[in-house]
Enquirer: 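Provided herewith is a single structure, encoded as structure tokens, for subsequent inquiry.
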Amino acid sequence: MAKLFFCQDIAQLRDYALELSGAVACLGVFDGLHRGHAYLIEQMLSHAEMEHAGSLIITFDIDPDELFRPDALKKLSDNASRIDALMDTSADAVLVLPFTREFAALSPEAFLAVCLEPLSLTGLHVGSDFRYGAKAMGTTCQLEEWGSAHGVTVISHKLLDADGVPITSTRIRCALAEGDIVTANELLGHAYSVSGRVLKGRGEGAKMGIQTANLEVPDNCLAIAEGVYGARACIRDEVFKAAVSVGVSPMFEDVATANLEAHILDFSGDLYGETITVSFLAWLRPMMRFESTEALVSTVKSNIEWVREHC
């Protein structure tokens, strides 16, 4: 596992500079850690091995859009999960910089002077769409010029594509927003997942003989469309098949308290207050209004059996 260097403020970077000096790094937000990100990290690791240098991933404590457009943002992973995933790569270290309004206001030149120059990097890898500094005015061309002047080999990579279209977090969010979990997972290179704390539910499921875990997932971390999905749930390091409802059923919209409900197959026990992770595998159906409770129960049981057989 990579060693974590977490800066509470940007001045703290100098405390870590000596230990990180000379590394080959890659820089980005890495929301969702998709196949394009994995490719960039692989290129950085190969370069570091060739140079006999340390390997470093540089990222931020939050997604910049959490400051600039929080109402529209749908993240592919929460910040803690994103950083954990980066630490699970083969990199030697992960450096997390604090993204504040003051940080965002740095000019491109100041960004380089404050964030990169203290590290005395050997190399730096970024995607061709990487922008930095106030109003995202810094370009990869400027970054390469800076690298030449400071002895840093800067490599800007063309974005990895699938079916002739670049793999980006935005493309994956669009697939999720349409409920196209198969395409989203293919582009991610892993199953799209969310984590949430289990709340006390309405009790409707238990009355119908279908127990559910009611999860509270932050709205900005729920990029997937409303509907019913086949999934798997990780509970205390064990994995179970699950039929998952995202959104609020029209039958219970006046009393709903959670935005995700999971029926976890072959599990019994109290989950209230625990945090579980749900990984989505297949789209089953949209949210529906049923004519009767009996019709609802019949459909849900059919969904559960499909999950048991296919997930």
Side-chain angles (χ1 to χ4, degrees), residues 74 76-77 172-188 190-219 221-272 274-311:
K74 293 290 185 181
L76 299 177
S77 54
I172 295 167
R173 291 186 194 107
C174 289
L176 288 170
E178 295 173 357
D180 187 356
I181 190 63
V182 172
T183 296
N185 286 352
E186 180 182 341
L187 297 175
L188 282 165
H190 56 83
Y192 168 72
S193 302
V194 299
S195 297
R197 185 171 59 89
V198 179
L199 305 175
K200 185 72 174 177
R202 304 182 306 271
E204 300 290 344
K207 293 176 185 176
M208 295 184 290
I210 305 170
Q211 193 76 36
T212 61
N214 300 272
L215 271 64
E216 178 183 49
V217 180
D219 285 340
C221 290
L222 198 59
I224 197 166
E226 291 191 353
V228 177
Y229 297 83
R232 292 187 180 173
C234 183
I235 304 169
R236 305 167 193 153
D237 296 324
E238 288 191 72
V239 178
F240 299 84
K241 296 180 179 184
V244 178
S245 173
V246 177
V248 179
S249 169
M251 295 189 71
F252 305 114
E253 57 192 359
D254 294 333
V255 293
T257 58
N259 54 6
L260 186 151
E261 295 187 26
H263 172 75
I264 302 166
L265 280 67
D266 305 318
F267 176 86
S268 61
D270 186 1
L271 291 174
Y272 296 138
E274 291 202 36
T275 296
I276 66 175
T277 298
V278 173
S279 298
F280 294 84
L281 302 177
W283 185 88
L284 302 185
R285 62 173 175 84
M287 299 297 277
M288 301 165 59
R289 184 178 294 278
F290 294 90
E291 295 181 358
S292 66
T293 300
E294 290 75 15
L296 168 62
V297 171
S298 176
T299 300
V300 171
K301 287 184 175 180
S302 175
N303 297 153
I304 291 169
E305 288 310 307
W306 190 95
V307 169
R308 184 180 297 281
E309 182 177 350
H310 297 283
C311 291

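Source: prediction; values computed, not measured.
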Enquirer: Sequence neighbours left out, what pairs pass side-chain hydrogen bond (donor to acceptor under 3.5 Å, both in side chains) with at least one residue falling in residues 275-287?
Expert: Ser193-Ser279, Ser195-Thr277, Arg285-Asn303
Enquirer: Find the distance between CG (Asn214) and CD (Glu261) and round it off to the nearest 0.5 Å.
Expert: 4.5 Å
Enquirer: For the atom pair CG (Leu260) and SG (Cys221), what is the distance rounded to the nearest 0.5 Å?
Expert: 12.5 Å
Enquirer: Leu215 versus Leu199: any side-chain heavy-atom pair under 4.5 Å?
Expert: no
Enquirer: Hey, what do you get for CG (Leu76) to CG (Leu187), rounding to the nearest 0.5 Å?
Expert: 10.5 Å
Enquirer: Does the side chain to side chain contact (heavy atoms under 4.5 Å, CB included) test come out yes or no for Val278 and Tyr229, once each step is laid out?
Expert: CA-CA 10 Å; Val278 173; Tyr229 297 83; over 6 Å; no
Enquirer: For Ala295, is there any backbone N or O sitting under 3.5 Å from a side-chain donor or acceptor partner on Thr299?
Expert: yes
Enquirer: Indicate the atoms forming the closest heavy-atom contact of Met287 with Val246, along with that distance.
Expert: SD-O, 3.7 Å
Enquirer: Output all residues satisfying ring pair (Phe, Tyr, Trp, His ring centres under 6.0 Å) with Tyr192, sequence neighbours left out; order by chain, then residue number.
Expert: Phe280
Enquirer: With His310, which residues qualify under ring pair (Phe, Tyr, Trp, His ring centres under 6.0 Å), at least two apart?
Expert: Trp306
Enquirer: Nearest heavy-atom pair of Leu271 and Val198: which atoms, and what distance?
Expert: O-CB, 3.3 Å
Enquirer: Looking at every non-hydrogen atom in both residues, tell me the closest pair between Ala191 and Leu281 and how far apart they are.
Expert: CB-CD2, 4.1 Å
Enquirer: Please round to the nearest 0.5 Å and tell me the distance separating atom CD1 of Ile181 and atom CG of Leu284.
Expert: 11.0 Å
Enquirer: Without placing hydrogens or testing angles, list every side-chain donor-acceptor pair under 3.5 Å for residues 234-244, not counting sequence neighbours.
Expert:
residue : atom : partner : partner atom : Å
Arg236  : NE   : Glu274  : OE1          : 3.2
Arg236  : NE   : Glu274  : OE2          : 2.9
Arg236  : NH2  : Asp270  : O            : 3.1
Arg236  : NH2  : Glu274  : OE2          : 2.4
Lys241  : NZ   : Arg308  : O            : 2.7

Enquirer: Under 3.5 Å, side chain of Lys74 to main-chain N/O of Asp219, donor-acceptor pair present?
Expert: yes
Enquirer: I need the single residue from Thr212, Ile210, Val228 that forms a side chain to side chain contact (heavy atoms under 4.5 Å, CB included) with Val300. Which is it?
Expert: Ile210
Enquirer: What closest approach, in Å, do Ile264 and Ala213 show between heavy atoms, and which atom pair accounts for it?
Expert: CD1-CB, 4.2 Å
Enquirer: Sequence neighbours excluded, which residues qualify as side-chain hydrogen bond (donor to acceptor under 3.5 Å, both in side chains) partners of Arg232?
Expert: none
Enquirer: For residues 177-186, which residue pairs pass the salt bridge (charged side-chain N to carboxylate O under 4.0 Å, His left out) check, not counting sequence neighbours?
Expert: none
